[in-house]
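Just so you know, ligand 1 is whichever comes first in the structure, and atom 1 is the first atom listed for that ligand.
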Amino acid sequence: MNDSVFNLSQQNSSVDAKIVAGLERVGEVFRVLLWQQSRETGLSPIQIQVLLFLAFHDPVKCKIGYLAAEFNLTKPTISDAVKILVQKELVERIVDSTDSRSHSLRLTPSGQRIVDQTGNFANVLSQLVGQLEDAHKTALYTSLFSLIHGLHQRGLITVQRMCKTCLHYQFDGQIHYCGLLKIPLEAVLLRLDCPEHAAL
Ligand code: SF4
């Protein structure tokens, strides 16, 4: 196990290992912050994540199957989480007008209030990022974008709505371009979660 990033001899002699260890710490912060919200609302972390997803995404994506893929969970696990949200009257099911066997999920006013209460749970990170110099932000975002794309290509992040996986994305070796919005995309304009994304 000498090559483990958690082996401190290895970690302290490799910037790659230190970056991976740093990413693990940041991921841990999200977990801690979500659990804080969980204690305050009486909802599980995944239930809060589902509410936040429903609040900010198109109704065609607000279905059990899509949510399961989004959060890398099984359909029964997401169904159980949604069942509780429906019982608590935070979410309602809307039957598809063209297929009565299909339905999407929508926030109720009570669900929206939970979103208003919990939606800024990651703001402490936004504040810290906001203090970085612009050049550092650009470098950090570019690196994260590449890492996320690489993880998607390896099947570790399933659903992606980022430019590099979009039908409208073009790259001539120098300039990124959106064929739909008809704009060049500087590094910081590349999107991770685009409402207009069209899967390849
Ligand atoms: S439609 Fe959105 S995801 Fe697709 S290339 Fe344009 S900005 Fe990127």
- Is the backbone of T158 close enough, under 3.5 Å, to the side chain of H152 for a donor and an acceptor to pair up by distance? yes

- What is the closest protein heavy atom to atom 3 (S) of ligand 1, and at what distance does it sit? C194 CB, 3.4 Å

- Query: Looking at C163, which atoms of ligand 1 are within less than 4.0 Å of one of its heavy atoms?
  - Reply: 3 (S), 7 (S), 8 (Fe)

- Message: Taking N, O or S atoms only and a limit of 2.8 Å, check whether H168 reaches atom 8 (Fe) of ligand 1.
- Response: no

- Can you pull out the closest protein heavy atom to atom 6 (Fe) of ligand 1? Residue, atom name and distance to 0.1 Å, please. C178 SG, 2.3 Å

- Query: Side chains of S146 and S143: do they bring a donor and an acceptor to under 3.5 Å?
  - Reply: no

- Would you say the side-chain atoms of D116 and Q112 include a donor-acceptor pair closer than 3.5 Å? yes

- Query: Of the backbone and side-chain N, O or S atoms of H197, does one lie nearer to atom 6 (Fe) of ligand 1 than 2.8 Å?
  - Reply: no

- Message: Quick check for you: to the nearest 0.5 Å, what is the distance between E196 atom CD and C178 atom SG?
- Response: 8.0 Å

- Note on the structure: Near C166 (heavy-atom distance under 4.0 Å), the atoms of ligand 1 are 1 (S), 3 (S), 4 (Fe), 5 (S)

- Message: Using modelled atom types and a 3.5 Å cut-off, is there a donor and acceptor pairing between side-chain atoms of H136 and backbone atoms of L132?
- Response: no

